Trainee: 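Below is one structure. I have some questions about it.
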There are 2 protein chains.
Amino acid sequence: MPGQSLISRTFAVLESVAASGSATAREVSHQLEIPLPSVYRLLNELTAHQYLVHLKAEGRFELGPKCFDLGLSFRQRLLAPSPIRQATTELHRTLQAASYFAMYRGADIVLTYLSDCDKHPRLRPLRFGFHEAAHATAFGKILLSGMTREQRSSYLEARGMPMLTPYTMTRQELLHAHLETVSTRGVAWEHEEFLPRTTCAAVPVRNGTGMCVGSLAVSMPTAKVLGRESQIETALREYAGRCSRFLRAG
Amino acid sequence: MPGQSLISRTFAVLESVAASGSATAREVSHQLEIPLPSVYRLLNELTAHQYLVHLKAEGRFELGPKCFDLGLSFRQRLLAPSPIRQATTELHRTLQAASYFAMYRGADIVLTYLSDCDKHPRLRPLRFGFHEAAHATAFGKILLSGMTREQRSSYLEARGMPMLTPYTMTRQELLHAHLETVSTRGVAWEHEEFLPRTTCAAVPVRNGTGMCVGSLAVSMPTAKVLGRESQIETALREYAGRCSRFLRAG
DNA sequence: CACTACGTTCTCACCGGACGAGAACGCTGC
DNA sequence: GCAGCGTTCTCGTCCGGTGAGAACGTAGTG
């Protein structure tokens, strides 16, 4: 029984090695329940293609240089353009808060830049390329509110609405209604729906035709937000305006 | 005729998309000379595994999040430990020159950290994960000189000794002899053998048993090196000593 | 509106190559 | 000498990849 398709197996092996950082053929064979000769075939093939390296001295396999190349290509393709990175960084400095830029990518919502520092660190799960939990993040809400109702429904159905904190919205009806007001107000707040004790805010970035194509956001400890709401919204709008202007021009 | 193995084809498709950044099925089919239905099968499989994404609106395929994950795993596995990164950074500051740390990885010689800045930029081809042209770089010479003669020969035969500048050593005999003196002097200089108008120097980093396991290096415009040779060697030895001490301890 | 070009998915009969049990070889450590 | 591991072969079975071709929807054009 050839378990699954050859390609599935190949990537399963690759990811198994990636997950353990370093693995022997036997370990992979045990973990994936694939017979040893088959594992060797796959490992050797992956090694030949430079996706793995074989450390002969230790009898172990590790990730090869092509993996890093793929990562670079991905990053290069997705990284927000320089003026947007700059606006995000300035927002970070102005509000003394980690700041983020996200956009659509096909059916996905992806973080394509973030600016933080030791004093104002990003929220741990968030990183370049992050593409989950749109229902529970401020930038996610902005971009969800820019979709048609059908797109949004199919997005939420495909990914679910996992409860991340007691305040996470986990019912579509609730979220749809919430996004109505987000859309009319032009700003999304997220109060401890993604991480405890953390509040985020986001505003849309629009292209030449006025369509929402991106979202600029900040995160802060909830304690530091009180009383600053309008200041935060003003700064977000200011820098989002710069982004939109760039998109109109380019 | 199934061209090559399925796995080869799969990675060829993946790399084709990576290279163009974004591609349609037809483009891939043309470039790789694989019939369209087969390309679609592969693209869909890769998409299902999140190594590609399908931008339905534009009918294009691009790299998916798993590619970035692989890159991260690779980086995490290979990145030099913090004390070594720190020593490399301080060397950079002390000598006002881009500095590098490289080590063995199986049969390979890999750059696992580098420290530079706008004023003292790294040599363009050099980046984290760089693993070529050991015969023409200072850190490469150090690590080649730490191999047995057989290891070195098979290394050089497998990768060749391409001429990168008029001064690149392209004959094994010459290099073997040169590495003799590198080994006894404990320092490797590289004068415009890798890039024109650029000089590099490197020293070994040793583990508890005295074996050479890594190399610390700097690069500078040749014009800035004259008369500073001994100062450079002293600084290299100083910081390499710190690295060695760390390796003896850990 | 017909017409073309493209993106995408099916169908289907063929057959190459993946499959895995098992054995074998070399090496290390006890 | 023996056990355990890493690694590679062998070999008969049969699964699943293969690609020409057709079909469907859609976007753009004249």
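Throughout, protein chains are lettered first and strands after them, A, B, ... in sequence-line order, and every chain is numbered starting at 1. Note that the structure is a prediction, hence the values are computed from the model and not measured.
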Trainee: With side-chain hydrogen bond (donor to acceptor under 3.5 Å, both in side chains) as the criterion, how do A:T10 and A:E45 come out once you've worked through the C-alpha distance, each side chain's angles and the decisive distance to 0.1 Å?
Mentor: CA-CA 9 Å; A:T10 306; A:E45 194 100 22; over 6 Å; no
Trainee: Does the side chain of A:H54 get closer than 4.0 angstrom to OP1 or OP2 of D:dG6 through an N or O atom?
Mentor: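 A:H54 to D:dG6 OP1/OP2: no side-chain N or O under 4.0 Å.
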Trainee: Distance check: side-chain N/O of A:Y40 vs OP1/OP2 of D:dT7, anything under 4.0 Å?
Mentor: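 Affirmative; the distance criterion is met.
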Trainee: A:E132 vs A:R127, test: salt bridge (charged side-chain N to carboxylate O under 4.0 Å, His left out). Steps then yes/no.
Mentor: CA-CA 11 Å; A:E132 283 112 45; A:R127 54 167 176 96; over 6 Å; no
Trainee: What is the distance, rounded to the nearest whole Å, between atom CG of A:L42 and atom C1' of C:dC19?
Mentor: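 Spelled out: CG on A:L42 to C1' on C:dC19 is 11 Å.
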Trainee: How long is the line joining CG of B:L43 and C1' of C:dC6, in whole Å?
Mentor: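 From B:L43 CG to C:dC6 C1': 15 Å.
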Trainee: OP1, OP2 of C:dG20 versus side-chain N and O of A:R9: anything below 4.0 Å?
Mentor: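 The answer is yes; a side-chain N or O of A:R9 sits under 4.0 Å from OP1 or OP2.
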Trainee: Please report the distance, rounded to the nearest Å, between CD1 in A:I7 and C1' in D:dG17.
Mentor: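 From A:I7 CD1 to D:dG17 C1': 9 Å.
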Trainee: Tell me: CD of B:E58 to P of D:dA27, nearest whole Å?
Mentor: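 My rounded result for the distance is 14 Å.
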Trainee: Taking 4.0 Å as the cut-off, does a side-chain nitrogen or oxygen of A:R41 come that near to OP1 or OP2 on D:dT8?
Mentor: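 Indeed not, no polar side-chain atom of A:R41 lies that close.
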Trainee: Less than 6.0 Å separating the ring centroids of B:F101 and B:Y113?
Mentor: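 Ring centroids of B:F101 and B:Y113 are no less than 6.0 Å from each other.
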Trainee: Taking the side chain of A:P37 as its heavy atoms from C-beta onward, which of D:dT18, D:dA20, C:dA21 lies nearest to it?
Mentor: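 Between D:dT18, D:dA20, C:dA21, the one nearest the side chain of A:P37 would be C:dA21.
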Trainee: Let me know the distance between CG of A:L6 and P of C:dG20, rounded to the nearest Å.
Mentor: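 A:L6 atom CG is separated from C:dG20 atom P by 11 Å.
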Trainee: Under 6.0 Å from the CD atom of B:Q76, do we count more than 12 heavy atoms belonging to anything else shown?
Mentor: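 No.
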Trainee: Name the closest nucleotide to the A:R26 side chain, picking from C:dA21, D:dC5, D:dG19.
Mentor: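 That would be D:dC5.
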Trainee: Measuring from the side chain of B:L36 (C-beta onward, heavy atoms only), which nucleotide among D:dT8, C:dT8, C:dA18 has the closest atom?
Mentor: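 Within the option list, the nearest is C:dT8.
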Trainee: Got a sec: does the CD of B:E180 have more than 12 other heavy atoms crowding it under 6.0 Å?
Mentor: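 Check fails, neighbour count at 12 or below.
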Trainee: Using whole Å, report how far CG of B:L52 lies from P of C:dT8.
Mentor: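 So the CG-P distance, B:L52 to C:dT8, works out to 12 Å.
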Trainee: Quickly work out the A:N44 CG to D:dG6 C1' distance and round it to whole Å.
Mentor: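 Distance, rounded to whole Å: 11 Å.
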Trainee: Can you tell me how far C1' of C:dC19 sits from CD of A:E33, to the nearest Å?
Mentor: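 Taking atom C1' of C:dC19 as the reference, CD of A:E33 is at 17 Å.
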